[in-house]
Structures are given as structure tokens and as C-alpha cells.
Amino acid sequence: MAKDSLTNAQIAELLRSVAAAYEVKSGNRFKVVAYENAATSVEHATSELKDLWEEEKLDTVPGLGKSMQAHLGELFKTGKVKYFETLFKGLPKGMFEILGVPGIGPKKAYKLSRELKIESVADLEKAAKKGKIAGLEGFGSKSEEVTLRSIDEFKRQTGRMTLPVAFPIAKDVVGWLKKSKDVERAEPLGSLRRMVSTVGDIDIAVASKNPHA
């Protein structure tokens, strides 16, 4: 996670991933609830957390205790948190990509991604359409039907584009920007920069010595 482009939405997503990791690994409900509540507080914060950190005002955000503030400080300084990376170790990355689908909690996401090698919502949809989910213990054909409906709902709710759609668009825009003599550098940000499976917005940062032009 690039430390220079951390948004509250990205931080909330990270905290929810930590909660999910706790649920799968230890079932520690105190930790799960603490991180979920912190994620909700971050989403509702009226100021960017990085700005609050720079002003030493992270303690004004409800749900951010001393240890969590320390973790966020490390995140803003280095772009990662060693404790979180240790917690995520051994968990499939695809698990976190499908957590946003309604009805798929951490344990289901873990099982689906581990046993079916699912790395994205698109992979999940393909597996469901091929009947692979119905064959998993604890799922069945009914779960497969529900999963497909949930994926449709997820797509409608998020209004997100898949990476293969968003990436060429961003590439074209960046290419067009770079044709200007006033543009020194242009790069995509956010989920597109992190190359996640779905993209909500195409955000592009431009460096220039003549920004008005």
C-alpha cells in the first residue's frame, strides 16, 4: 500500500482485512469487533486520517486505541505494518478480494479462495457458473445460486469496473496526458495502482511545474 496515496477508504479496507484475518485465525471476537468498529469510524471520519496523524490528532477518531494508532503511524511512515503482515501470513490473498460480496464472511471467503484458488470476484463468479461451489463441503447448489445473486448485487452496489476494463482506459488517459510538454509524470492511483480485481474510480496523479497549463 503506497503511503503517499492512503485514503480513509483504503485504511478502512485494511482494518476490515485485519478483522477478517483474526476471525479466521483465532476467532478472537474482541479483536474482530475492535477492528470492524475502527474501520467504520475511519469511513465516517470527516478528515483524512493521514492529516490527523500529521497533526497528532488520531486520538480524536472513535475506536482508535493506542496500539491501533501506533500501527497506523507505522503505516503512514512506511506504507506497511509488520504486525498486520505477520497476521496475514498464510492466508490466501483472494480471500480479501471477495469479502465485499454479500453473504460471504471471512471463513467462507477463506475456504473458497483456498480450495478453489479464487483470487477475485470474477473468479468466484466463474466457479459458481461452472458448479464448483456446489461441490464444496458446507455449500451445495443452493449456496451456489445465492452466491451468483450476491455477486450481481455486489456489482450493482459498487458500480465497479473489472481491472481488464479499467486498465486500458487509464493507460490511454495517461498516454494522452504525457503528450503535453507540461506533464513531467502521470501515474494511476488507488485500486488501479494496486492492480486489484475491480476498480471503482480511475484516479490519476499528474506532476507538473506548470499545473495551471
Once side chain to side chain contact (heavy atoms under 4.5 Å, CB included) is applied, do any residues pair with Lys93, and if so which ones, sequence neighbours excluded? none

By side chain to side chain contact (heavy atoms under 4.5 Å, CB included), which residues pair with Asp59, not counting sequence neighbours? Gln69

Sequence neighbours left out, what passes side chain to side chain donor-acceptor pair (under 3.5 Å) with Tyr22? Give chain and number order. Tyr83

With sequence neighbours left out, the residues meeting side chain to side chain donor-acceptor pair (under 3.5 Å) with Arg149 are none

Can you sort out the partners of Lys209 under salt bridge (Lys or Arg N to Asp or Glu O under 4.0 Å), two or more places apart, ordered by chain and number?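 Partners of Lys209 under the salt bridge (Lys or Arg N to Asp or Glu O under 4.0 Å) test: Glu184.
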
Tell me every residue that passes salt bridge (Lys or Arg N to Asp or Glu O under 4.0 Å) with Glu54, counting only those two or more places apart in sequence or in another chain. none

Once rounded to the nearest 0.5 Å, what's the spacing between atom CZ of Arg185 and atom NZ of Lys178?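 The distance works out to 8.5 Å.
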
Glu56 atom CD, over 12 foreign heavy atoms within 6.0 Å: no

Let me have the donor-acceptor pairs involving side chains of residues 32-48, under 3.5 Å, with sequence neighbours excluded, atom names and distances please.
residue: Asn37; atom: ND2; partner: Val33; partner atom: O; Å: 3.4
residue: Thr40; atom: OG1; partner: Arg16; partner atom: NH2; Å: 3.1
residue: Thr40; atom: OG1; partner: Glu36; partner atom: O; Å: 3.2
residue: Ser41; atom: OG; partner: Asn37; partner atom: O; Å: 3.3
residue: Ser41; atom: OG; partner: Pro62; partner atom: O; Å: 2.8
residue: Glu43; atom: OE1; partner: Arg16; partner atom: NH1; Å: 3.3
residue: Glu43; atom: OE1; partner: Arg16; partner atom: NH2; Å: 3.4
residue: Glu43; atom: OE2; partner: Arg16; partner atom: NH1; Å: 2.9
residue: Glu48; atom: OE1; partner: Asn8; partner atom: N; Å: 3.3

Taking ring-ring contact (aromatic ring centres under 6.0 Å, His included) as the cut-off, I'd like each qualifying pair that reaches into residues 96-124, sequence neighbours left out, listed once.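 As it turns out, the ring-ring contact (aromatic ring centres under 6.0 Å, His included) pairs with a partner in residues 96-124, which skip direct neighbours, are Phe88-Phe96.
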
Solution key, residues 126-140 side-chain donor-acceptor pairs under 3.5 Å, sequence neighbours excluded:
none

Indicate, with yes or no, if Leu64 and Trp53 share a hydrophobic cluster defined by side-chain heavy-atom contacts under 4.5 Å among Ile, Leu, Val, Met, Phe, Trp and Tyr. yes

Residues 109-118 vs salt bridge (charged side-chain N to carboxylate O under 4.0 Å, His left out), sequence neighbours excluded, gives none

